[in-house]
Amino acid sequence: MANIKVPLIDLQLRYKKERKDLLKIIDDQLKLGNLVLTKEVSDFENRISKYQKQKFAVGLNSGTDALLMALWSLGIRKGDEVITTPKSFIATIGAIHHVGAIPKLVDIKDDLNMDENLIEEAITKKTKAIIPVHWTGRLCDMKKINSIAIKHKLIVIEDAAQSIGATKDNYMAGKYSSVACFSAHPLKNLNGIGDSGFLTTNNKKIRDVINLYRNHGLESRDNVAIFGLNSRLDSVNAVVLSYRLKSLRQNIKIRNKHINIYRNYFSKNERISIPTDKAGELNPYVMFITQCDKRDELQKYLQENGIQSMIYYGTPLHKHTAYKNYYGDVKNLPNVERICKRVLALPHHQYLKESDIHYVCKKIDSFYKKN
Ligand SMILES: *Cc1c(COP(=O)(O)O)cnc(C)c1O
């Protein structure tokens, strides 16, 4: 394998830039000695609820737990059906499965998000909720999804794991749902120094019950009100996230600027399609996912030229063994199956140099000239 000239992401470079600040912040926190459910966690929650324009935020230890606890708090139980997308990370349907509910998948559009026009035909008497996933952070059409939910008396929970900072027609994740669930995994745009996550809601009852769930259901040292889990956001991660939240807007700007360079370069190339933004959208692009001809050969060629790329993901959710074992074969999802064979994420991070982007573009060009 060739040396890596252009990495897909650059967490090491990010650490180099932030090292001095981060070490001070972490040192200050460690000196306090108190590391669990401290003031720094509620400070972070206040910052997030302001940023996402929601009344409440709850810090948790992962986006997966945010989904699980959102489902619990909204009373989704055994035998209920929950409509979601086959193009997500496995955690979306894992959470549905773990509350005993049944994930019902509807196909996606070319923009990789669930096709809202297919939701109604998937609704049955057992349907209780819809979980749209904002893939790469691009918001689904939440107005439309919410109006379907109102018509059929369904709950909406957003898998907003990738969409902190995203806007569409002046709304953000959380506006058209009961709960929006976010991940702060190191590979997300707002990232902790390990697993972490949070959720937002405008409903105080939901906020209060999730505060209990994340802390064993302890309402006081002497009484457990409900059974919960240990899913608290560490104070160390909370201070790191508060620090990084300050540069999030700027990072999203830079990420979009980079994608524009790719977009302009390939505007006339029909063999690779670069995601486009609709009017009124600000997309955070956690991953920069293209759709391309001869995907596997292109990936191999890029690798030989020192360019890292990644497939997110080649397997739609209904093709995983765990899914098939419980829910059988699903056959009516042609778009996701076609698109999964074409997706390729290209190098994309806030420290990418324009010269690196041009190098990647030129190599892709020369691949398609030969193939
Ligand atoms: C990352 C991610 C999750 C899971 O979040 P964790 O913090 O890793 O548990 C869930 N759904 C989507 C769409 C994700 O990208």
Side-chain angles (χ1 to χ4, degrees), residues 8-9 11 44 48 57-72 82-99 103 105-106 108 111-114 129-140 142 145 156-166 173-174 177 179-200 210 213-214 229-234 236-238 240-241 244 252 255 275 283-289 310-318 320 322-323 336 339-340 343 345 348:
L8 186 72
I9 44 165
L11 290 178
F44 170 68
I48 283 293
V58 183
L60 298 168
N61 71 9
S62 70
T64 305
D65 279 7
L67 288 164
L68 188 65
M69 290 180 183
L71 288 159
W72 275 352
V82 179
I83 293 173
T84 189
T85 164
K87 185 122 200 85
S88 186
F89 179 58
I90 197 71
T92 316
I93 58 169
I96 296 168
H97 176 85
H98 281 304
V99 302
L105 307 178
V106 304
I108 59 168
D111 72 358
L112 308 180
N113 277 342
M114 180 186 204
I130 308 171
I131 304 188
V133 177
H134 310 306
W135 196 240
T136 76
R138 173 195 306 279
L139 293 181
C140 295
M142 290 308 299
I145 291 171
V156 183
I157 296 167
E158 284 170 87
D159 184 335
Q162 304 180 1
S163 35
I164 181 121
S177 63
V179 180
C181 306
F182 298 85
S183 168
H185 179 280
L187 291 176
K188 305 289 155 88
N189 278 1
L190 178 67
N191 44 5
I193 49 171
D195 278 311
S196 37
F198 48 93
L199 56 77
T200 61
I210 291 173
Y213 281 142
R214 74 171 173 184
L229 285 178
N230 173 358
S231 181
R232 301 168 300 229
L233 174 68
D234 296 316
V236 169
N237 264 318
V240 169
L241 290 171
R244 287 180 166 168
I252 291 175
R255 295 170 88 81
N283 293 318
Y285 288 109
V286 168
M287 303 157 304
F288 170 43
I289 297 186
M310 189 80 85
I311 298 167
Y312 291 106
Y313 290 97
T315 310
L317 296 183
H318 61 290
H320 285 273
Y323 184 91
V336 74
I339 290 171
C340 279
V343 289
H348 169 58

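None of the values given here were measured: they were computed from a predicted structure. Atoms within a ligand are numbered from 1 in the order they appear, just like the ligands themselves.
- Below 4.0 Å from some heavy atom of Ser62 lie the following atoms of ligand 1, by number and element: 7 (O), 9 (O).
- At least one N or O atom of Gly63, backbone or side chain, sits closer than 3.5 Å to an N or O atom of ligand 1.
- The protein non-hydrogen atom at the shortest distance from atom 9 (O) of ligand 1 is Thr64 OG1, 2.5 Å.
- Using a distance-only test at 3.5 Å, with no hydrogens or angles considered, no donor-acceptor pair links the side chain of Thr64 to the main chain of Ala91.
- For the residue pair Ala66 and Leu199, the shortest heavy atom distance occurs at O-CD2, 3.8 Å.
- Near Val133, the atoms of ligand 1 lying under 4.0 angstrom from a non-hydrogen atom of the residue are 13 (C).
- For atom 12 (C) of ligand 1, the nearest protein heavy atom (residue, atom name, distance) is Ala161 CB, 3.3 Å.
- Applying the 4.0 Å criterion to heavy atoms of Ser88 picks out, from ligand 1, the atoms 13 (C).
- Protein heavy atom nearest atom 11 (N) of ligand 1, with residue, atom name and distance: Asp159 OD2, 2.8 Å.
- Nearest heavy atoms, His348 versus Tyr285: NE2-O, 2.7 Å.
- Of all protein heavy atoms, the one closest to atom 7 (O) of ligand 1 is Ser183 OG, 2.6 Å.
- Evaluated by nearest non-hydrogen atom to atom 14 (C) of ligand 1, the leading choice among Lys87, His134, Lys188 is Lys188.
- Side-chain contact check for Gln162 versus Asn189: every heavy-atom pair is 4.5 Å or farther apart.
- Annotation: side chain of Pro86 is in contact with side chain of Ile108 (closest heavy-atom distance under 4.5 Å).
- Smallest separation of non-hydrogen atoms from Tyr323 and His318: CD2-CA, 3.5 Å.
- Not a single donor-acceptor pair under 3.5 Å links the side chain of Asp234 to the backbone N or O of Val236.
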